[in-house]
Amino acid sequence: MSNVLESLNEEQKRAVKQIQGPLLILAGAGSGKTRVLTNRTAYMIRECGVSPFNILAITFTNKAASEMRRRIDEIVGYGSESIWVSTFHSMCVRILRRYGDRIGYDNSFTIYDTDDSKVLMKDVCKRLKIDTKQSPERVFLWEISHAKDELISEYDYAKKASYDFTLQDTARVYREYQESLKKNNAMDFDDLIVKTIELFKSCPEVLLNYQERFKYIMVDEYQDTNTAQFELVRLLSDRYRNICVVGDDDQSIYKFRGANIRNILDFETHYRDACVIKLEENYRSTQNILDAANSVIHNNMGRKDKTLWTGRGEGEKIHLRQLDSAYDEAEFVVDDIRKNKREGDLEYRDTAVLYRTNAQSRAIEEKLIMAGIPYNVVGGVNFYSRKEIKDLLAYLKVIDNGRDDLAVKRIINVPKRGIGSSSVSKLESFAEANGLSFYEALKRAYMIIPGKSLSKINEFTELIEELRKEAGEVSLEDLVNEILDRTEYIEKLEANDEYDAKARVENIDEFITKVVAFEEGSEDREEDSIGIEDKEREAEDQEERSILSRFLQEVALVADIDKVSEDDNRVLLMTLHSAKGLEFPYVYITGMEEGLFPGYMAISSEDEGELEEERRLCYVGITRAKEHLTLTSARSRMVRGERQYHAPSRFLDEIPVKLFDSNVRKPRIREEDRPYPATVKVQKEVFRTKPYASSSQTSKYRLAEEKKPFIAKAAIKTGKSMLSDCKDELEYGVGDRVRHIKFGDGEVLEIKSGGRDYEVTVKFDGPGVKKMFAGFAKLVKIM
DNA sequence: CGTACTAGTCTTTTT
DNA sequence: GACTAGTACG
């Protein structure tokens, strides 16, 4: 039994030993907080006689949870499996699966992801006859999500709206949305938290049960908690007040998602007797990297002052490069990776390429493929939100929970089985008029639907009933295969000769692989738990649930980062957000440009907090690097089909020049590279949101001008001259032979000047005559 | 009822 | 430039 205090520094030891009462650990990046948390857990159990059964550790991602689980198992050993290590969301699901019926839900409720919520919201708006042109669904969803983060119920919101009639539409939508969710026996992500709190407040005996259970609570990444999560933690810890939170206000990057930075800044006010410990020694990075990170973050106001330091020495200088285009930038990064691989003992997995937006991954991917370097992209389009996967999941959901109207509607005509929109809308109104679920309406379709369509509907419900019967008897894998067979899903997919049919089939295969893996995993877990005597093993709320329900639950809560595996020896590409909590010997931060990072939204916002959040993001990015950090920017890049010209990011100016490798001056945009003052997009944005200059805006522009003459000019110049600047001369004319990337070669028949762009008509040798815009088509003249 | 084309949106970040 | 939803037409 190793001593859990060994090899910890003084501050870390204090944190480990402080187990009674509220404790705030301000842990800078790389200061060993996971180590503190795991050792603290071990210390409680071994030295203080705390039962593992009474410990709860909460994280944000499943990846962080399983990492902590692994390390706790390692250090605690016997009994560690009765510690709850869980994300906020899965913890709430577990509780609600058991007690959801106390607040009017069926315990088998389904969880709606963002796509599902969107579909539902579309429905709601249609029913309320709200013009989604004027106020798009996503605005309502966003607003409602934020209300939930702040624990404002639909009733509170209605009350608020009675004083402020601009909120009335949202209030109506909110209410209808919640009712629809409930009717579908479904909860969205935010509901999981909100409804758990509701449960605790309306059933004190349930709360008491969990308070008694979780006498010691730890929360990781506390800076990312929102008001609802704070309340949840407060309720749970209210009885014993042994609440330990770990966080770093400088790494709070989820304000857009409702994270309330005040939770960490005001912890000491909430808990007067709180003990505060700062961990500032960094065990990850070299001093140069830390100096860069420190100098950037020092530009933020209203933070808890911390300065990271390390005993690891200065290390290598930070590399800084400005390239001409995103393409060149990608090439530089890939060449550099190849060079490092050749010269050093680097594995591909030692390298991460980070960027602000997912769209930036493409250029880098292309170059990596050309260079034959294996890589993985984290995020982007989630695997589980691909069409074919969502279809399969919808079948499974319908089999599992017939009340999920959304899922039924998704698959009722997928693959095409001749049930059209007219039947569907008849059934919809029939269901609504009689208070039936959509599926129940299907079963009573004979009452309203004439013969031809009726038989199709009956075939569908019979299919579902049979599959449902089978679900209880066969394995999950067989069930999925059965769905595919009976619906001829793959055959119909391929028959549709969509060019990506192959990729879709591959996705389905991968899905089956995941199903199998899940089944094996859950068998293991069941075996593990046998023989462990646990007074009240929470398996009791899991074990009765079918493997199907558990699978659906797991799938609903996976994040992209969860799937990253260390075993793969691949370069990792991801957003700066996804990178939080990870570390790599080699880190590239690309796209260090004004308008991109910081994004134009943050630059043009009234709220300076937005810029500070971008700066924290920059801090997070820099502190991911252990030894080698490279920052790159491009003078111009294509964004949504438009060429944009960006100045280097202001964050580069905030890093002392002496930290950069010697022979490189700070990059500046050369005069001749400045065809237009700033990005067309920024300029459009400014015009759309600020049509009339008021005094406050004028001062904003002046401020911007001092800092960045680049952006300021864009705001002041008129739109007309800018737009005409965009129209390049064409290098080809009528009668010329041109080449198109998809259609091949052809002859130009006509060129029309259509406003901002040329409309070109081309007769292609293969596909025939096509009309296209020159700006998009990228036609090249051939001889 | 299904298809093919069009228009609009997106891009800031995600449990 | 990619994707999606909506619409018009067969």
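No hydrogens, no waters, no symmetry mates; every other heavy atom, side chains included, goes into these values. Chain letters run A, B, ... following the sequence lines, proteins first and then strands; every chain starts at 1.
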* Think A:Asn358 has a side-chain N or O under 4.0 angstrom from the OP1 or OP2 of B:dT12? -> no

* Touch check for A:Ser422, heavy atoms < 4.0 angstrom, all strands: base, sugar-phosphate only, or nothing? -> sugar-phosphate

* Asked: Which is true for A:Thr225 with a 4.0 Å heavy-atom rule: it touches a base, it touches only sugar-phosphate, or it touches nothing?
  -> nothing

* Considering only B:dT15, B:dT12, B:dT14, which nucleotide approaches the side chain of A:His89 most closely? -> B:dT15

* Asked: In terms of side-chain heavy atoms of A:Lys416, which of B:dT13, B:dT3, B:dT15 is nearest?
  -> B:dT3

* To do: Assess the side chains of A:Tyr619 and A:Asn300: does a donor N or O sit below 3.5 Å from an acceptor N or O?
  => no

* Asked: Where each residue is assigned the nucleotide of DNA chain B containing its nearest heavy atom, which of A:Gly418 and A:Glu613 is assigned the position nearer the 5′ end?
  -> A:Gly418

* Phosphate-side-chain proximity, A:Thr575 and B:dT11, N/O vs OP1/OP2 below 4.0 Å -> no

* Which nucleotide in B:dC1, B:dT15, C:dA5 has an atom nearest any side-chain atom of A:Lys122 -> C:dA5

* Nearest-Å distance, CG (A:Leu596) to C1' (B:dT11)? -> 10 Å

* Asked: Should the ring pair A:His577 and A:Tyr254 be called parallel, tilted or perpendicular, given that the plane angle runs from 0 to 90° and is split at 30 and 60?
  -> tilted

* When the distance from CG of A:Asp191 to C1' of B:dT15 is rounded to whole Å, what number comes out? -> 13 Å

* Starting at atom CE of A:Met574, determine the distance to atom C1' of B:dT14, rounded to an integer number of angstrom. => 15 Å

* Structure fact -> Annotated structure of DNA chain B as dot-bracket, pair cut-off 3.5 Å, Watson-Crick or G-U only, | for inter-strand, is |||||||||......

* From the list B:dT14, B:dT12, B:dT11, which nucleotide is the closest neighbour of the side chain of A:Arg257? -> B:dT14

* Name the closest nucleotide to the A:Phe256 side chain, picking from B:dT12, B:dT13, B:dC10. => B:dT13

* Return no unless some side-chain N or O of A:Tyr600 is found under 4.0 Å from OP1 or OP2 of B:dT12. => yes

* How close or far is atom C1' of B:dT13 from atom CD of A:Gln360, stated in whole angstroms? -> 12 Å

* Could you tell me the separation between the CD atom of A:Glu554 and the C1' atom of B:dT15, rounded to a whole number of Å? => 14 Å

* Does a donor on one side chain sit under 3.5 Å from an acceptor on the other, for A:Glu231 and A:Gln229? -> no

* To do: Using only side-chain N and O atoms of A:Ser578, determine if any of them is under 4.0 Å from OP1 or OP2 of B:dT14.
  => yes

* Structure fact -> Applying salt bridge (charged side-chain N to carboxylate O under 4.0 Å, His left out) to A:Glu388 and not counting sequence neighbours gives A:Arg504

* Below 4.0 Å: OP1/OP2 of B:dT15 and any side-chain N or O of A:Thr114 -> no

* Candidates B:dG2, B:dT12, B:dT15 - which lies nearest the side chain of A:Asn413 -> B:dG2

* Structure fact -> Sequence neighbours excluded, the answer for salt bridge (charged side-chain N to carboxylate O under 4.0 Å, His left out) partners of A:Asp328 is none

* Asked: Which whole-number value in Å describes the distance from A:His646 NE2 to B:dT12 P?
  -> 12 Å

* To do: Taking salt bridge (charged side-chain N to carboxylate O under 4.0 Å, His left out) as the test, write out the residues that go with A:Glu365, two or more places apart.
  => none

* With sequence neighbours excluded, what pairs up with A:Ala556 under the side-chain contact (heavy atoms from CB on, under 4.5 Å) test? -> A:Ile111

* **A:Thr227 side, atom OG1; A:Asn263 side, atom CG - distance, nearest 0.5 Å** => 6.0 Å

* Asked: Can you tell which of B:dC1, B:dT15, B:dT14 lies closest to the side chain of A:Phe189?
  -> B:dT15

* By salt bridge (charged side-chain N to carboxylate O under 4.0 Å, His left out), which residues pair with A:Lys367, not counting sequence neighbours? -> A:Glu331

* Asked: Base, sugar-phosphate alone, or nothing: which one does A:Arg362 contact when heavy atoms must sit under 4.0 Å apart?
  -> sugar-phosphate

* Quick one: A:Ile193 CD1 to B:dT15 P, roughly how many Å, whole number? -> 13 Å

* Asked: Just checking A:Phe88: base, sugar-phosphate only, or nothing, at a heavy-atom cut-off of under 4.0 Å?
  -> nothing

* Please state whether the phosphate of B:dT14, meaning OP1 or OP2, lies under 4.0 angstrom from any side-chain nitrogen or oxygen of A:Thr61. => no

* Structure fact -> To the nearest angstrom, the NZ-P distance between A:Lys118 and C:dC3 comes to 14 Å

